[in-house]
A.B. asks: 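The structure is given below, and queries will be raised subsequently.
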Amino acid sequence: MPTLTTADGTEIFYKDWGTGRPVVFSHGWPLNADAWDDQLHLVASRGFRAVAHDRRGHGRSGQPWQGNDMDTYADDLARLMDTLDLREAVLVGHSTGGGEVARYIGRHGTGRVAKVVLLGAVPPLMLRTEANPEGLPLGIFDGIRAGVAGDRSQFYKDLSETFYGANRHGSAVSQGVREAFWLWSMQVGLKASYDCVRQFSETDFTEDLQRFDVPTLIIHGDDDQIVPFVASAQKSAKLVKDATLKVYPGAPHGLFAVGSYKDDFHADLLAFLDG
């Protein structure tokens with residue numbers, strides 16, 4: 001398996017398909033690079049170089065006790081970009097991966113980046129605070145931690161319902177997609193999964209977003225039950241200079257794997273890559 005080694009000795013697994021301009025995908029919690037396979041195949045088939053890694057603690061990457069924090073995630077992404085010498089790259093981040101991409105730009109700039117796509121992404125801040133009343137209360141995230149620390153297998157099975165909107169009338173998500181979600185989630189080390197909850201919920205990406213200076217496409221479903229639109233994309237679009245915001249009516253958090261929403265995302269992604 002192709003891997004790279006980070007500064008603290010952690011091995012990071014990655015996929016590298018095709019040739020051409022690089023498109024680098026960062027996955028959401030608690031998944032891994034396999035969640036992007038449809039999109040990796042799509043862009044690699046259209047003449048791009050498709051790259052995706054398993055975040056530390058997830059999938060086939062190492063599971064260190066330390067380093068499960070957003071700064072280190074961003075530095076791991078930077079190591080990937082540098083090791084593969086990716087230039088003029090398009091960064092695509094979903095959910096927690098969108099936070100990873102934002103923090104990467106906040107810490108490392110856009111010297112290797114040409115464009116950014118934030119899909120159902122957690123920035124600028126998910127946690128409800130006095131300054132961020134649209135966010136979710138801390139109790140929600142405490143509940144996620146309790147689920148992970150308790151019966152995580154059942155918790156992930158239950159989480160797939162709201163992740164893909166399977167609890168909505170007329171949902172097009174298949175049972176297979178939900179089972180794949182469970183499989184990927186069970187590959188995350190317990191420590192990494194638990195630690196990451198704080199990172200995606202309590203990290204404030206406001207200053208990172210203000211450092212964006214490349215074309216940015218922000219896509220979000222208005223029925224996202226995991227990352228509320230009003231606390232995320234709606235605010236991010238105002239913080240990122242000249243961002244383009246696309247809202248998919250009725251779309252869930254995991255829209256990139258569900259019916260017509262997936263088709264719409266693929267069309268918008270290719271148009272943005274070619275634009």
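Keep in mind that what you see is a predicted model, and the values were worked out from it rather than measured.
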A.B. asks: Once rounded to the nearest 0.5 Å, what's the spacing between atom CZ of Arg56 and atom OG1 of Thr72?
C.D. replies: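 One gets 5.5 Å once the value is rounded to the nearest 0.5 Å.
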
A.B. asks: Considering only heavy atoms from C-beta outward, does the side chain of Val116 approach that of Val214 to under 4.5 Å?
C.D. replies: yes

A.B. asks: Are the charged groups of Asp142 and Arg145 less than 4.0 angstrom apart, N to O?
C.D. replies: yes

A.B. asks: Find the distance between OG (Ser61) and CZ (Arg55) and round it off to the nearest 0.5 Å.
C.D. replies: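 Going from the OG atom of Ser61 to the CZ atom of Arg55 covers 10.0 Å.
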
A.B. asks: Not counting sequence neighbours, which residues clear side-chain hydrogen bond (donor to acceptor under 3.5 Å, both in side chains) with Lys241? List them please.
C.D. replies: none

A.B. asks: Within the distance-only criterion (no hydrogens, no angle test), does the side chain of Asp222 pair as donor or acceptor with the backbone N or O of Gly250 below 3.5 angstrom?
C.D. replies: yes

A.B. asks: Within a reach of under 6.0 Å around CZ of Arg49, are more than 12 heavy atoms found that belong to other residues, nucleotides or ligands?
C.D. replies: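 Result for CZ/Arg49: enclosed.
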
A.B. asks: May I ask you to check whether Gln199 and Asp195 show a side-chain donor-acceptor distance below 3.5 Å?
C.D. replies: no

A.B. asks: Please report the interatomic distance CG(Leu42) to CG(Asp37), rounded to the nearest 0.5 Å.
C.D. replies: 12.0 Å

A.B. asks: Evaluate the side-chain proximity of Pro2 to Asp16: yes if any heavy-atom separation is below 4.5 Å, no if none is.
C.D. replies: no

A.B. asks: To the nearest 0.5 angstrom, please state how far the CZ atom of Arg21 sits from the CG atom of Asp274.
C.D. replies: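 Between atom CZ of Arg21 and atom CG of Asp274 there are 9.0 Å.
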
A.B. asks: Any side-chain donor-acceptor pair under 3.5 Å between His253 and Ser95?
C.D. replies: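 The answer is yes; a qualifying pair exists.
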
A.B. asks: Are the charged groups of Arg198 and Asp69 less than 4.0 angstrom apart, N to O?
C.D. replies: no

A.B. asks: Within the side chain of Ser160, is there an N or O that forms a donor-acceptor pair under 3.5 Å with the backbone of Lys157?
C.D. replies: yes

A.B. asks: Would you verify whether the NZ or CZ of Arg103 falls within 45 degrees of the ring axis of Tyr73 while also being under 6.0 Å from that six-membered ring's centre?
C.D. replies: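 Geometry flag: not set, cation outside 6.0 Å or 45°.
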
A.B. asks: Side chains of Asp54 and His27 only: does a donor on one sit below 3.5 Å from an acceptor on the other?
C.D. replies: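 On atom types as modelled, these side chains do not qualify, holding no pair under 3.5 Å.
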
A.B. asks: Please assess Asn167 against Gln225 for the test side chain to side chain donor-acceptor pair (under 3.5 Å), listing each intermediate value before the final yes or no.
C.D. replies: CA-CA 10 Å; Asn167 58 337; Gln225 300 172 71; 2.9 Å; yes

A.B. asks: Please test Trp184 against Tyr156 for ring pair (Phe, Tyr, Trp, His ring centres under 6.0 Å), starting from the C-alpha separation and ending with a verdict.
C.D. replies: CA-CA 10 Å; Trp184 298 327; Tyr156 292 140; over 10 Å; no

A.B. asks: Sequence neighbours left out, what passes side-chain hydrogen bond (donor to acceptor under 3.5 Å, both in side chains) with Asp268? Give chain and number order.
C.D. replies: Lys246, Tyr248

A.B. asks: Are Asp82 and Arg112 close enough that some pair of their side-chain heavy atoms sits under 4.5 Å apart?
C.D. replies: yes

A.B. asks: Are side-chain N/O atoms of Asn132 and Thr129 paired as donor and acceptor at under 3.5 Å?
C.D. replies: no

A.B. asks: CZ of Arg60 to CE of Met1: how many Å apart, nearest 0.5 Å?
C.D. replies: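 Separation between the atoms: 7.0 Å.
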
A.B. asks: Got a sec, which residues hit side chain to side chain contact (heavy atoms under 4.5 Å, CB included) with Thr5, two or more places apart in sequence or on another chain?
C.D. replies: Glu11

A.B. asks: Scan Leu84, Val92, Leu77, Val90 and name whichever one has a side-chain contact (heavy atoms from CB on, under 4.5 Å) with Val24.
C.D. replies: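 Of Leu84, Val92, Leu77, Val90, side-chain contact (heavy atoms from CB on, under 4.5 Å) with Val24 is met by Leu77 alone.
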
A.B. asks: Looking at Phe256, Trp36, Tyr14, Trp17, which hits ring pair (Phe, Tyr, Trp, His ring centres under 6.0 Å) with Phe25?
C.D. replies: Trp36

A.B. asks: Given side chains that start at C-beta, do those of Val117 and Leu269 come closer than 4.5 Å, heavy atoms only?
C.D. replies: yes

A.B. asks: Using modelled atom types and a 3.5 Å cut-off, is there a donor and acceptor pairing between side-chain atoms of Ser201 and backbone atoms of Leu127?
C.D. replies: no

A.B. asks: Within a reach of under 6.0 Å around CD of Gln66, are more than 12 heavy atoms found that belong to other residues, nucleotides or ligands?
C.D. replies: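 Yes, enclosed.
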
A.B. asks: Any donor and acceptor pair, going by atom type alone, linking the side chain of Ser236 with main-chain N or O of Pro123 inside 3.5 Å?
C.D. replies: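 Here the side-chain-to-backbone pair exists.
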
A.B. asks: Which word best sums up how the rings of Phe163 and Phe181 line up, parallel for under 30°, tilted for 30 to 60°, or perpendicular for over 60°?
C.D. replies: tilted

A.B. asks: Nearest 0.5 angstrom please: Trp29 CH2 to Ile144 CD1, how far?
C.D. replies: 5.5 Å

A.B. asks: Can you find a pair of side-chain heavy atoms, one from Glu202 and one from Phe141, that are under 4.5 Å apart?
C.D. replies: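 Not in contact.
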
A.B. asks: Taking the side chain as C-beta and beyond, is there a heavy-atom pair between Met81 and Leu91 under 4.5 Å?
C.D. replies: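 Yes - at least one pair of side-chain heavy atoms lies under 4.5 Å apart.
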
A.B. asks: Would you find a donor on one side and an acceptor on the other, under 3.5 Å apart, between the side chain of Lys115 and the backbone of Gly275?
C.D. replies: yes

A.B. asks: Under 3.5 Å, side chain of Thr162 to main-chain N/O of Leu159, donor-acceptor pair present?
C.D. replies: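 Answer holds: yes.
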
A.B. asks: Please report the C-alpha distance between His58 and Ser193 in whole Å, then the side-chain angles of each, then the deciding distance to 0.1 Å, and finally whether the side-chain contact (heavy atoms from CB on, under 4.5 Å) criterion is met.
C.D. replies: CA-CA 8 Å; His58 297 61; Ser193 181; over 6 Å; no

A.B. asks: Is Val51 reachable from Phe13 through a run of hydrophobic residues whose side-chain heavy atoms are each under 4.5 Å from the next?
C.D. replies: no

A.B. asks: Determine yes or no for a side-chain-to-main-chain donor-acceptor pair under 3.5 angstrom, with His220 supplying the side chain and Val227 the backbone.
C.D. replies: yes

A.B. asks: Do Ile12 and Val188 share a hydrophobic cluster (ILVMFWY, side-chain heavy atoms under 4.5 Å, transitive)?
C.D. replies: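 In one cluster: no.
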
